[in-house]
Amino acid sequence: MPDPIIECQDVSVHFGKKGVGVAAVSEVTLDVRENEIFGVVGESGSGKSTLARAILGLQTPVSGAISLEGRGLDPLPPKMARQDRAKIQYVHQDSGAALDPWWSVGSSLEEGLIVHGVRSADERHRRIERVLDAVGLNESFLDRYPHELSGGQQRRIGLARILVLEPQVVILDEPTSGLDVSVQAAVLNLILELRAKLNLTFIFISHDLAVVHKLCDRLAVMHLGHVVELGESDEVFSSPAHPYTKSLLDSVPRLDGPPREVRLRLKGEPPKASIGAVGCSYCYRCPKVRQDCSAATPVLADIGDGRRVACFAVHAPAGDGMNRG
Amino acid sequence: MSDPLLTIRDLSIDIETPTVAAKVIDHANVQVHLGETVGIVGESGCGKTTLLKAILGILPKTAVCRSGEILFEGRSLLDLWGTEESRRIRSCDIGFIPQDPYLSLNPAFTVGRQLNESLLELTGQGAYAELLRMLRAVQLPDPEGVLERYPHQFSGGQRQRLLIAAALARRPKLLIADEPTTALDVTTQSEILEVMRELANETGVAMLFVSHDLGVIRSICDRVTVMYAGQSVETAPADALVNAPKHPYTRMLLNCHPGRSHGFKGIPGQVASPLDPPPGCRFSPRCPIAIAECSRRRPQPLHPSPSQEVSCPRYEIDLETAADA
């Protein structure tokens, strides 16, 4: 098994105060292994992006620890933390909007290198040239402006912009949202290619489950700040264990298989993830809810083959002591 | 089959700019029969939004109709343009559900007041009873309370339900939905689609449902028209379209779906620009089975079966063998 490159141990991120605040990320424990593509899926408000921001150091967790290659990142003095965190980079959701419209592509690509202290202009140009080639563009793009690029090309430049910094871990936040399905393939193939070529590790945040299934080696399913299921993506998709994962997968409109089948669908609006809330975040609309679900919060426990699930009904199926509520 | 409720026949629309005319719709054909749900599917730039705007009569002043007609119950909407009668049709007979539920409600007014706007001729008890009926139809809990609340007090899914209620208030014969679930999470999307299906069944309203997501289209539509760069390229029953697509563009589009192909497949090339569209079939520059004839004349619609229409003379030719040859 490859070594974990990023580990999160009981990471919680809260906004606001106890009682009125929101627990955006609650006691998340996960590990991302070297050279894998790790998916994070969940609906809006599930805490995917906040978790990414915490890993980047943009959001201070109220508790828990994040480490890169076994070294803790939080207790470091800011200057050192900044150096270490240069190894983790983030690609914005809409790279086109993240590029300055007044800056040529070349200046945008160079900015990061200047900020990170690459003094030699020759060195900067060498790195930019190499990365442009890696993302399938050429030097003619250096003098262009963002509006002269297509959506797919903008995503490539967005990727190139952080790749010049030679990161080890790249966090991709919804890299294909807003792209047509005929264009997104090029971006996804590029991610696979870059992983092989540059030995990169990716954290892939997405709500497009079909893409996550195909692209990611492992994934974590988030619901209201909690990771409810984690495992190999093929296995999670073929036999989802957590009731939330099941309903999430069932909600995806399918191209193949029986149409308009009567499915187990989610009912009701999600509650707020309040700080200090007790009980499973999903118990309000879970079809398998029992009495103990609202009394205590289930922990993410191993159920074999590296699959981890946070659900009492999975840990101890009905009849094993606990009665149905 | 009964007479069509809505017929778009041979419609061409140009948007004129100071220097050049953008040919955004090119001889498009769409039909909607009473009580039928018809999907329009296509990628960015295929003209689906322009088509809806043409039906609703909300095209910009620079738009010019070059050919064809839009018939609603046998009467030409383009001829009625600007008359009191076309206002009546658009306010009473055609309902509209917009794409973004976050942008389509005024944050400064209560929901009750905004929904009331769609019931101009009713006042007092009559209007109130009608509003409650609509809110129950879209399955919002506590309909009385809903009317007193402001848009920010609702989630995205609830707001989309409000907009569906507003669209159905006048009991229209045709409901036009422009990507109504694109801004929503998958679980919310499946709930909204369920509500729309149920209402369509109960009220018998016909629907024109625009989406870029073939899975969504398949789950709600009876028939589908595929558009590419302003041309309608294929029309077929939803299942036939997904399982046995005919037009090369439809076939390639379905192959882009991650579940349908080995690896990630895209469509090489870019969508034709409406400013300078290729002559003949606009897909021909990207089509692997195109011949010289394709870029000379616009292909005439063919009928592989009575319910199917495809604008490609070479639809029987296999894409793979043609690419290898």
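These figures come from a predicted structure and were not determined experimentally. The figures that follow rest on heavy atoms only: side chains count, while hydrogens, waters and symmetry mates do not. A note on names: the letters A, B, ... follow the listed sequences, proteins ahead of strands, and every chain is numbered from 1.
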Count the heavy-atom pairs under 4.5 Å between each of P258(B), G266(B), P268(B) and chain A, then report the option with the highest count. P258(B)
Measuring only between side-chain heavy atoms, which start at C-beta, is F264(B) closer than 4.5 Å to Q184(A)? no
Rounded to the nearest 0.5 Å, how far apart are CG of D250(A) and OG1 of T187(B)? 11.5 Å
Answer with side chain, backbone, both or neither: which region of A210(A) has an atom nearer than 4.5 Å to a non-hydrogen atom of chain B? both
Which pair of heavy atoms, one from K214(A) and one from G263(B), lies closest together, and at what distance? NZ-O, 3.1 Å
With a 4.5 angstrom heavy-atom cut-off, which part of S261(B) approaches chain A: side chain, backbone, both or neither? both
Tightest non-hydrogen contact, residues E43(B) and D180(A), listed as OE2-CB, 3.0 Å
Residue pair V186(B) / S251(A): nearest heavy atoms and the distance that separates them: O-CB, 3.6 Å
How close do L255(A) and H257(B) get, heavy atom to heavy atom, and via which atoms? CD1-CG, 3.3 Å
Q270(B) side chain reached by V183(A) side chain, heavy atoms, under 4.5 Å: no
Side chain, backbone, both or neither of L192(A) within contact of chain B (heavy atoms, under 4.5 Å): side chain
Could you check which of Q189(B), H212(B), R260(B), K265(B) has the highest count of heavy-atom pairs closer than 4.5 Å to chain A? R260(B)
Does any heavy atom of chain A fall under 4.5 Å from the side chain of V242(B), the backbone, both, or neither of them? side chain
